[in-house]
Amino acid sequence: MNSLAITLSRHIIEDEHRHHNTTGELSRLLVQLAFAAKVLAREFSRAALVGELGLLGEKNPTGDAQKKLDVFANNTVMEAFAETKLVAGVVSEELDQVRQVATGADAKYLLCIDPLDGSSNTDTNGILATIFSIYRCSKEVKGGLTEQMLRKGAEQVVAGYVMYGSSTILVYTCGHGVHGFTLDRELGEFLLTHQNLRCPARGRVYSANLGHRYEWEPGVQRYLEHLEGSDPASNRPYSLRYSGALVADLHRSLIEGGVYFYPSDKAHPEGKLRLLYECAPLAWVAENAGGRASTGSTRILDIQAESIHQRVPLVIGSAEDVAEYEKFVSSPMAVGRG
């Protein structure tokens, strides 16, 4: 290991000094998020040994089957942020309503979180993740905590994800660059391994749930046919890579280029993925890395949330690939490059 390796804590503090009126509050929140991630990484790795795999027998507020690890992850995150007394409220995939966490002058932040992205992978040892987003409470917003949560993604102050796989990687942005840190389990520290991540303008891989392909609108179906068509000059056909974990597929795009899309279908006419704690935070990461994210017609970060569990279609990844997808959606008879 490089003796000059930069820890997450050091990087956050130095970054805050460079770009913010330093209060240390964002540093404390990210450090606490990292602590929760270490707890989750440990528990995920031994879940099969302690009987924590399988269904709980209930559904979460958005109708998905709830796993034992979903509840454990949610409780771990809630406890971690409650200790800071900086977070006024939390929106989580596992909570029906906004959860008030702290009150007082210090409670000036809001957290939106998917504690366990890819929970369908828990019993098969697949990739898992945590997605997070932090906003400041706004004096301009009238009403209670729920109204405070209904924001545009462009208002985020911190967003990112933790991916649990062969290694545990934490990626975050404060709006000026995207940085990734890998957990050294022996040291118990996240160390900087991906400085200033930049998403390639194009890739050669796409991620999508093709089980719904015949339920997609014509423009999306034609885009898929375009990706599958042979044209060596434009690096087609693209290869399909779909993990069942949104974060894993986006992370691949950030590193190697590519596009992920989950459009609306008959079962989900408004889309399947949740705006506040899936699409908006990952869109902010993607854009700050030079990528792009939209519904196919609207920039994700410009959408005003109308409910805490609002769903939207999503296409995200390399900027030119996403733009091409938007072209097909806006004009179903569009002809792609090559």
Side-chain angles (χ1 to χ4, degrees), residues 7-9 29-62 64-83 90-95 99 111-133 159-172 179-194 207 241-252 254-255 260 273-274 277-278 281-282 285:
T7 66
L8 174 65
S9 300
L29 291 175
L30 279 168
V31 167
Q32 202 66 359
L33 186 283
F35 170 74
K38 294 174 190 177
V39 173
L40 294 179
R42 181 191 65 188
E43 293 304 310
F44 293 160
S45 68
R46 66 191 192 107
L49 303 175
V50 296
E52 286 299 321
L53 297 181
L55 292 167
L56 192 63
E58 300 178 4
K59 291 186 179 294
N60 66 21
T62 58
D64 295 333
Q66 200 169 49
K67 300 288 189 75
K68 294 177 183 178
L69 286 176
D70 284 314
V71 175
F72 177 83
N74 188 71
N75 290 341
T76 298
V77 169
M78 294 297 296
E79 290 171 6
F81 282 96
E83 292 181 8
V90 176
V91 165
S92 167
E93 182 181 14
E94 306 305 324
L95 298 174
R99 176 74 59 84
L111 173 69
C112 298
I113 194 158
D114 181 354
L116 184 53
D117 172 57
S119 61
S120 62
N121 289 341
T122 55
D123 296 349
T124 59
N125 200 33
I127 296 293
L128 304 173
T130 299
I131 307 172
F132 61 92
S133 172
Y161 57 83
V162 184
M163 187 170 68
Y164 313 95
S166 56
S167 60
T168 297
I169 298 175
L170 188 155
V171 174
Y172 88 94
H179 308 287
F181 301 78
T182 300
L183 178 62
D184 184 319
R185 290 184 171 90
E186 293 184 3
L187 286 177
E189 292 279 5
F190 280 99
L191 301 178
L192 181 63
T193 51
H194 300 74
S207 303
R241 297 287 186 271
Y242 186 68
S243 68
L246 169 58
V247 163
D249 294 327
L250 172 64
H251 187 74
R252 181 188 297 108
L254 291 181
I255 302 295
Y260 173 102
L273 301 174
R274 279 59 60 111
Y277 44 82
E278 291 177 319
L282 296 183
V285 171

In Å and rounded to the nearest 0.5 Å, what is the CD to CZ distance from E83 to F35? 7.0 Å
Closest non-hydrogen atom pair between L170 and F190, with its separation: CB-CE2, 3.8 Å
So L116 and L40, side-chain contact (heavy atoms from CB on, under 4.5 Å) or not? Walk me through it. CA-CA 9 Å; L116 184 53; L40 294 179; over 6 Å; no
When you look at CG of N75, are more than 12 heavy atoms from neighbouring residues, nucleotides or ligands closer to it than 6.0 Å? yes
Is a donor on one side and an acceptor on the other found under 3.5 Å between the side chain of E94 and the backbone of V71? no
Working to the nearest 0.5 Å, report the span between SG of C112 and OH of Y277. 9.5 Å
Identify the two heavy atoms, one from G180 and one from V171, that lie closest to each other, and give their separation to 0.1 Å. CA-CG2, 4.0 Å
Tell me yes or no: between the side chains of S45 and Y164, is some donor less than 3.5 Å from an acceptor? no
Apply side-chain contact (heavy atoms from CB on, under 4.5 Å) to residues L254 and V285 and explain how you reach the verdict. CA-CA 9 Å; L254 291 181; V285 171; 3.9 Å; yes
Working to the nearest 0.5 angstrom, can you tell me the gap between K38 NZ and E189 CD? 5.0 Å
Can you see which heavy atom on L183 is nearest to which on G188, and at what distance? CD1-C, 4.1 Å
Min side-chain heavy-atom separation V247-Y260 under 4.5 Å: no
Geometric class of the Y161/H251 ring pair [parallel <30°, tilted 30-60°, perpendicular >60°]: perpendicular
What distance do T7 atom OG1 and D184 atom CG have between them, rounded to the nearest 0.5 Å? 11.5 Å
Find the distance between OG (S243) and CD1 (I127) and round it off to the nearest 0.5 Å. 7.0 Å
Check against side-chain contact (heavy atoms from CB on, under 4.5 Å), M78 and L95: CA-CA 11 Å; M78 294 297 296; L95 298 174; 4.1 Å; yes
All heavy atoms of S9 vs all of V31, minimum pair found to be OG-CG2, 3.9 Å
For a quick test of reading the model, state the closest non-hydrogen atom pair linking G244 to D249 and the distance between them. N-OD2, 4.3 Å
Between T182 and the options I169, T168, L192, L191, the side chain to side chain contact (heavy atoms under 4.5 Å, CB included) test singles out I169
Using modelled atom types only, decide if a donor and an acceptor are shared between the side chain of E278 and the backbone of R274 within a distance under 3.5 Å. yes
Looking only at heavy atoms, the pair that brings F132 and L30 closest together is CE1-CD2, 3.9 Å
If you round to the nearest 0.5 Å, how far is CG of N121 from CG of L69? 11.5 Å
Crowded around R252 CZ? As in, over 12 foreign heavy atoms under 6.0 Å? yes
Sub-3.5 Å donor-acceptor pair from the side chain of S133 to the main-chain atoms of A159, do we have one? no
Taking it one step at a time, do Y172 and L8 satisfy side-chain contact (heavy atoms from CB on, under 4.5 Å)? CA-CA 10 Å; Y172 88 94; L8 174 65; 4.0 Å; yes
With distance as the sole test, does D114 use its side chain to make a donor-acceptor pair with the main-chain N or O of I131 at under 3.5 Å? no
